[in-house]
Amino acid sequence: MKTLTWFGIAMIFVSLVLASGTGQAQAIPQKEETASTQGNTRWVKEYVDQPGDVGSHTSIAFDPGNGTPWISYYDDTNTALKVAHRVSSGGNCGLSNDWYCSTVDSSGNVGMYSSIDVHPDDSSLFNNRLVGVAYYDTSNSALKFAEYSCITLPCTWRIVTVQDAEVYLGAPSYGQYTSLKYTANGNPRIAYYTSNPLGSDALKFATEVDSGGNCGEGDAAEKWNCETVDSGEGMGQYVSLSKSEFVNTHIAYYNGNTGDLKYAYYAGFGGNCGTDNTWSCATVDGTDGSDVGKFVSIHAQANASDKLQFAYYDTTHGKLKYAVHVGGGGNCGEFNNFQCDNIESIGTGLTKVGISLAVDSNNVPIIAYMNASEDQGPSSLKVAQPAYSLGLLYGNCGPETPFSTWQCTFIDGGGAHQDEAAYASIALNPAGLAMIAYSELETYDSPNEYNLKIAYQRLMLYLPIVIRN
């Protein structure tokens, strides 16, 4: 009898779920990211939390150590901050109860503008993992911070008020448009917007300190230091914070007075803004009179070959835009040091647009965004990536040189649920695969209620078939 073996006659698609975690943490295999990885994936969608008006003001982050995804979001039904993380067992939400959803803070109307980050456990003896959430306390017009840790058992959330408004007519409001990142040593840093009806609005920046700070309430008094980075009418909205190995703090934000996208980084000295000119502030886009910069998402330079990048909304022209630092010869920014390009038409005059940018280890961007252009019908969730990262010679969107250089991919449409991704947040797991946490607006069975959904990539492997005769 003769045995024939050949490959490629048939293929088995084996989906490896690399974006999962466990209650404590499920390890995800580490792999070297390559540009072709993105072209060898498919997207999977599922619900995390429903029913009820949950799922708005989403933010997602992966534990860099074990790859567990964590999502913060707003529960409008109970006016509370909620957090979900993936588990291997013992969950209470999601597909097959593979997520654990919990209410973190329900003291008044809290949880809008949430931003989450995870500091990994670097100790083999103790669980030093920290999960932090910055968010807005609507009831008190205050910035709040919640942190989950297991350093002492049982694992608990500590909740503090970072900056609170005085109780008087026209008092400032602190904490809208928050953005949180941990430093390498686990120190939380928060960029946020301050609205001041009787004075100047401001972009502000808060760091936790051992003592001697100028803000913090109650037990946290003088345990935070809050400083003004930039100020003026409408200054500091739509904040996005990033960090890099070169300059530890980078902030993108919107100037509501002029309709410009701005950028600030901590200079230490010789800057042009902030306390004692320790910050450097510059305009990236908008000097042509267009209203640009809302819903901005920033990625700071992570290594020597990486670049400062932004994804944001052009309200005037209804475009998703992408800007990258080129150092000179660009078409926007001071001294034309940025290249600003239109990626896709997503609808004009939108008041809620989910836009979120992530960059892989090869410095390739991926943008999750809402498309609500008229030819789309109900809004949809899409992702935009450079075409080459998908193994394509040319794409279907983005700048043309002479062919389109980006690929815009449909992920999820409203359909019976109408609108997708008015709130969206993207992150990459340690294996380099993306997960998007986003909202879905239910307008039929439960009118005007949000559901929390995720879309995540699975890596497809093609295994040979061995056929014996």
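V239 places a side-chain heavy atom less than 4.5 Å from the side chain of I251. Residues I454 and W99 are in side-chain contact: their nearest non-hydrogen atoms beyond the backbone lie under 4.5 Å apart. The shortest distance between side-chain heavy atoms of L143 and I190 falls below 4.5 Å. Side-chain contact check for K319 versus Y313: every heavy-atom pair is 4.5 Å or farther apart.
Because its NZ or CZ atom is both nearer than 6.0 Å to the ring centre of Y456 and within 45° of the ring axis, R86 counts as a cation-pi partner of that residue.
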* Could you go step by step and tell me if V48 and N451 meet the side-chain contact (heavy atoms from CB on, under 4.5 Å) rule? -> CA-CA 8 Å; V48 174; N451 299 316; over 6 Å; no
* So Q407 and Q385, side-chain contact (heavy atoms from CB on, under 4.5 Å) or not? Walk me through it. -> CA-CA 5 Å; Q407 183 72 16; Q385 301 161 270; 5.5 Å; no
* Hey, mind stepping through Y322 and Q309 against side chain to side chain donor-acceptor pair (under 3.5 Å) and telling me if it holds? -> CA-CA 7 Å; Y322 168 77; Q309 304 171 58; 2.6 Å; yes
* **Y438 and D412: CA distance, side-chain angles, deciding distance, side chain to side chain donor-acceptor pair (under 3.5 Å) verdict** => CA-CA 10 Å; Y438 62 104; D412 197 1; 2.6 Å; yes
* Asked: How far apart are the C-alpha atoms of N303 and D306, what are their side-chain angles, what is the distance that settles it, and do they pass the side chain to side chain donor-acceptor pair (under 3.5 Å) test?
  -> CA-CA 5 Å; N303 50 60; D306 195 10; 4.9 Å; no
* Evaluate the side chain to side chain donor-acceptor pair (under 3.5 Å) criterion for residues T103 and N78: first the C-alpha distance (whole Å), next the side-chain angles of each, then the deciding distance (0.1 Å), finally the verdict. => CA-CA 9 Å; T103 297; N78 298 293; over 6 Å; no
* To do: Carefully, step by step, assess V383 and I436 under the rule side-chain contact (heavy atoms from CB on, under 4.5 Å).
  => CA-CA 10 Å; V383 295; I436 306 167; 3.6 Å; yes
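A distance of 11.0 Å separates CG in N225 from OG in S211, rounded to the nearest 0.5 Å. D117 contributes atom CG, which lies 9.0 Å from atom OG of S179 (distance to the nearest 0.5 angstrom). In this structure, CZ in F338 is found 10.0 Å from CG in D285, a value given to the nearest 0.5 Å. Interatomic distance, CG of N371 versus SG of C408, reported as 8.0 Å (0.5 Å rounding). Between I355 atom CD1 and S240 atom OG the span is 11.0 Å, to the nearest 0.5 Å. Note: Y174 OH to S141 OG = 10.0 Å, rounded to the nearest 0.5 Å.
Scanning all heavy atoms of the two residues, the minimum distance from T228 to S231 falls at CG2-CB, 4.2 Å. The minimum heavy-atom distance linking V131 with Y182 is given by the pair C-OH, 3.7 Å. The minimum heavy-atom distance linking P172 with A165 is given by the pair O-CB, 2.9 Å. C397 approaches I343 most closely through the heavy-atom pair CB-O, 3.2 Å. What you find for M370 and K352 is that their closest heavy atoms are CE-O, 3.0 Å. The two atoms that bring W224 and A206 nearest to each other are CE3-CB, 4.1 Å, heavy atoms only.
In this structure, S373 contributes its side chain and I346 its backbone to no donor-acceptor pair below 3.5 Å. Looking at T405, its side chain does come within 3.5 Å of a backbone N or O of P399 through a donor-acceptor pair. Remark: the backbone N or O of Y266 is not paired with any side-chain donor or acceptor of T249 at under 3.5 angstrom. Checking side-chain atoms of D121 against main-chain N and O of N128 turns up a donor-acceptor pair under 3.5 Å. Checking side-chain atoms of D201 against main-chain N and O of N196 turns up a donor-acceptor pair under 3.5 Å. Panel note: side chain S439, backbone Y423; a donor-acceptor pair is recorded below 3.5 Å. Between the side chain of N342 and the backbone N or O of E344, no donor-acceptor pair lies under 3.5 Å. Under the 3.5 Å distance criterion, the side-chain polar atoms of S425 are left unmatched by any main-chain donor or acceptor of S59.
Evaluated for a side chain to side chain contact (heavy atoms under 4.5 Å, CB included) with D291, the options T316, D260, T258 yield exactly one hit, T316. Each of D230, N255, T283 was scored for a side-chain hydrogen bond (donor to acceptor under 3.5 Å, both in side chains) with K262, with one residue passing: D230. With Y193 as reference, Q176 is the one residue of K204, M235, Q176 to meet the side chain to side chain contact (heavy atoms under 4.5 Å, CB included) rule.
Annotation: side chain to side chain contact (heavy atoms under 4.5 Å, CB included) contacts of E227 (sequence neighbours excluded): F205, T275, T278, W279. Y254 is linked by a ring-ring contact (aromatic ring centres under 6.0 Å, His included) to Y238, counting only residues two or more places apart in sequence or in another chain.
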Taking distance alone, no hydrogens or angles, what donor-acceptor pairs closer than 3.5 Å link side-chain atoms of residues 107-116 to residues at least two apart or in another chain?
residue, atom, partner, partner atom, Å
S107, OG, D105, OD1, 2.7
S107, OG, K144, NZ, 3.4
N109, OD1, Y74, OH, 2.6
S114, OG, H57, O, 2.7
S114, OG, S72, OG, 2.9
S115, OG, L180, N, 2.9

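Salt bridge status for D341 with K321: absent, with no side-chain N to carboxylate O gap under 4.0 Å. A salt bridge between E208 and R189 is absent, with no side-chain N of the basic residue lying under 4.0 Å from a carboxylate O of the acidic one.
The aromatic rings of F310 and Y263 lie perpendicular to each other, with more than 60° between the two planes, well past the 30° mark.
By the neighbour-count criterion of 12 heavy atoms within 6.0 Å, atom CG of N185 is densely surrounded, having more than that number from other residues, nucleotides or ligands.
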